[in-house]
Number of protein chains: 2
Amino acid sequence: MSNMEASSPEPRKRRGSDKPTLKQVAEAAGVSPITVSRALNTPGRVNKETRRRVTEAVEQLGYVPNLIAGSLASASSRFIAVIVPSLANAVFIEVIKGLQEAFEAKGYQILLGNTDYDLQREHQLVRTFLGWSCSGLVIAGLRHSKACQGLLETWNKPIVEMMELGKGLDLNVGLDHREAGACMARHLLDRHYRSIIYVGACMDRDYRANMRYEGHKEILAQAGLEAPIIELDRLGSLEAGAVALDMVLEQCPRTDAIHFANDDLATGALLHAQRLGLGVPQDIAIAGFNGLPLGQQVTPRLTTIQSPRETMGRLAAEQILRRLNDEPITDKQLNVAFRTLIGEST
Amino acid sequence: MSNMEASSPEPRKRRGSDKPTLKQVAEAAGVSPITVSRALNTPGRVNKETRRRVTEAVEQLGYVPNLIAGSLASASSRFIAVIVPSLANAVFIEVIKGLQEAFEAKGYQILLGNTDYDLQREHQLVRTFLGWSCSGLVIAGLRHSKACQGLLETWNKPIVEMMELGKGLDLNVGLDHREAGACMARHLLDRHYRSIIYVGACMDRDYRANMRYEGHKEILAQAGLEAPIIELDRLGSLEAGAVALDMVLEQCPRTDAIHFANDDLATGALLHAQRLGLGVPQDIAIAGFNGLPLGQQVTPRLTTIQSPRETMGRLAAEQILRRLNDEPITDKQLNVAFRTLIGEST
DNA sequence: TTGTTTGATGGTAGCGCTACCATGTTAGCG
DNA sequence: CGCTAACATGGTAGCGCTACCATCAAACAA
């Protein structure tokens, strides 16, 4: 009567947690698993009474749907990959906020990746995120490594490249950095500054700051002026701005205006000028880029360019969502407008 | 010869993308799928030559592992859920940075959720994240809705509740807000301020600010002083700080010191005082909480309390990682030290 | 020799869910 | 009354991967 397998009465100890599954909910509710699935995902397609029984069973068992299994079966995960070069920069944080709000409202979950301005790391992140069957991808910048570019080209889901303007892989939401730099340069010339220096931080990596410098340089050239530049080899911060001011005062004492690559640097310099007893703008004028709240609260208020950060995030999200819902996209390339904020610092 | 099924020669059009799978890599490399899996996940367990053939096939096919399938099969996802009340606050951003760096280095991916200080939303996020089979959870605060608490209690993976100190569900990393508030109150008394007002923002939601107020109140009471408080009904910001200063000047003109719930408010007030031509600290002293860089760059420097934000994130991550690696945990409750930064604003 | 360990590989059987098709039931229509 | 459409539900067959066990050869000890 006993057989050879008697020593192993249970089929086999398997992996997996002991959490209730859809099947158990189905049994408890007296329906088939597929009906439970429908009751949870497309309630409209299920009879009201059945739905009630299902929700009851869910509550009673404390069932939490296994989203991983669902994603595998449906080959889509409601993840949106977001890849930015830095979290230290308030600009990206605000863009992310815009993205987060727009996507969360539609039930998408953001997977956040941070490249630290390293294209190798960017490629790695893209690979990983593709592995999660993301529904879409938002990435900062138009420049990627060749391998990464190839990976993205064959990926047939919506992609937004943001922050800068240009023709990219798929969708694009950005602002014209060259024009922004030119704009501020024009303003400084209008105010009769003639010895203008540009100060940036890590511009080999933050190449968008370099694009602004190009615009700046072009305008100065048209006015027959040189466009000297100082590059710091540390990321922008208030402290770095203070250091930069010292460098300018020492190396180019006749400078009458500094065009900073961002508000952190500019505000740091402005506060440092106060400590040094320098008048802004009488002794030296200071301009920034981004329009962070900070710059608008110091005295004198910082002249800067308001970049629409949350808006950029929101627009990027809307473009992706439009694609995902098969809605028409009128313009694959969105030029987000910026605004010049004239403070008293110039 | 023909049969009834002839009209459907192919088995059936199935879902799923056309991306290469592990199986195809295995065929290309002339090994079994399981060997490919091992070659990718535990290269040490595979012969060197076999490994080479596999990597070659991977490269050639452009294979990207489907992490969703892997997670389902292994019932673990290398996701870490991180739930914070707000992304608008620089404090949480820095904590997240600390978490991100520590987890990313070990190959974990953060799933970020934002409750907007809403316990209902928190519960919803926890449910969703549990559905992703996260390996661990980091959540801000010790207070959760009852349902959420229940869900977490039965979840047998590492949890860190952070930001505040106390006995929680599992692990805890935080600072003693009551003591921090007391500390600053003592400092203000030392400096002979006697008419001290506390100013907070949305303290029903930001209850940790309230804990600091409790500490503040206790110290003042010991000195026989009242502890008046003004609560703003908007979140902390530079602008809100300016508004708050106006309120204090109007409602309690004899105030000689303001203890703000955070640096944003305090710095906003400080800058506004300058605009009004008020001397800080001669006319009014100002103190904050957090030790954000901003407050250390204004003149006078802000007196504040340095909360170890990135450290808190890093420590939280380390606790989780220790659990995940079955390393011993000496203390389930970590009290992160804070430091009083005395500026010239008091 | 025989037994035991180690190293490399493979086969089987799911993980928990949803896409796809099929079925039955009721309503609507000429 | 037959025919179609709409609704409600169920069965089957995977999604792409890994846990678990088994196998087989080579190495080594007794």
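In the text below, chain A, chain B and the rest are named by the order of the sequence lines, each starting its count at 1. Only heavy atoms go into these numbers, but all of them, side chains included; no hydrogens, no water, no symmetry mates.
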Subject >> Short side-chain N/O contact from B/S32 to OP1 or OP2 of C/dG10, under 4.0 Å >> reply: yes
Subject >> Rounded (10°) bend between the five-pair end axes of the helix from C/dG3-D/dC28 to C/dG30-D/dC1 >> reply: 30°
Subject >> B/E56 bridged to B/R52 by N-O distance under 4.0 Å >> reply: yes
Subject >> Pair B/F79 + A/W132: ring centers closer than 6.0 Å >> reply: yes
Original post:
How close or far is atom C1' of C/dC15 from atom CG of A/N66, stated in whole angstroms?
Top reply: 8 Å
Original post:
What do the steps show when you test B/E122 against B/Y117 for side chain to side chain donor-acceptor pair (under 3.5 Å), and what is the final call?
Top reply: CA-CA 8 Å; B/E122 177 179 276; B/Y117 290 97; over 6 Å; no
Original post:
In whole angstroms, how far is the C1' atom of C/dC15 from the CD1 atom of B/I68?
Top reply: 13 Å
Original post:
What is the distance, rounded to the nearest whole Å, between atom CD of A/E49 and atom P of D/dT9?
Top reply: 10 Å
**OP:** Ignoring backbone atoms, test whether B/T21 places a side-chain nitrogen or oxygen under 4.0 Å from the OP1 or OP2 oxygen of D/dG16.
**Re:** no
**OP:** Classify the side-chain pair A/Q124/A/R127 by whether it contains a donor and acceptor separated by less than 3.5 Å.
**Re:** no
Subject >> Whole-Å distance separating the CG atom of A/L61 from the P atom of C/dG16 >> reply: 14 Å
**OP:** Report the distance from atom CD of B/Q24 to atom P of D/dC17, rounded to the nearest whole Å.
**Re:** 9 Å
Original post:
Just wondering, more than 12 heavy atoms not from A/R45 lying within 6.0 Å of its CZ?
Top reply: no
Subject >> Crowding at CD, B/E327 (>12 non-hydrogen neighbours, <6.0 Å) >> reply: yes
Original post:
Between B/R53 (CZ) and C/dT9 (P), how many Å, whole number?
Top reply: 8 Å
Subject >> Distance-only donor-acceptor check, side chains B/Y63 and B/Q24, under 3.5 Å >> reply: no
Subject >> Stretch residues 35-48 of chain B: residues that reach within less than 4.0 Å of DNA chain D through a heavy atom >> reply: B/S37, B/N41
**OP:** Let me know the distance between CD of B/E27 and C1' of C/dG10, rounded to the nearest Å.
**Re:** 15 Å
Original post:
How close or far is atom C1' of D/dG10 from atom CG of A/L22, stated in whole angstroms?
Top reply: 14 Å
**OP:** Can you figure out which of C/dG16, D/dC20, D/dG16 approaches the side chain of B/I34 most closely?
**Re:** D/dC20
**OP:** Taking A/Q109 for its side chain and B/L112 for its backbone only, find out whether a donor-acceptor pair lies under 3.5 Å.
**Re:** yes
**OP:** Kindly check if the number of other-residue, nucleotide or ligand heavy atoms within 6.0 Å of CD (A/E49) is above 12?
**Re:** yes
Original post:
Quick one: is C/dA8 close enough that its OP1 or OP2 comes under 4.0 Å of any side-chain N or O from B/T50?
Top reply: no
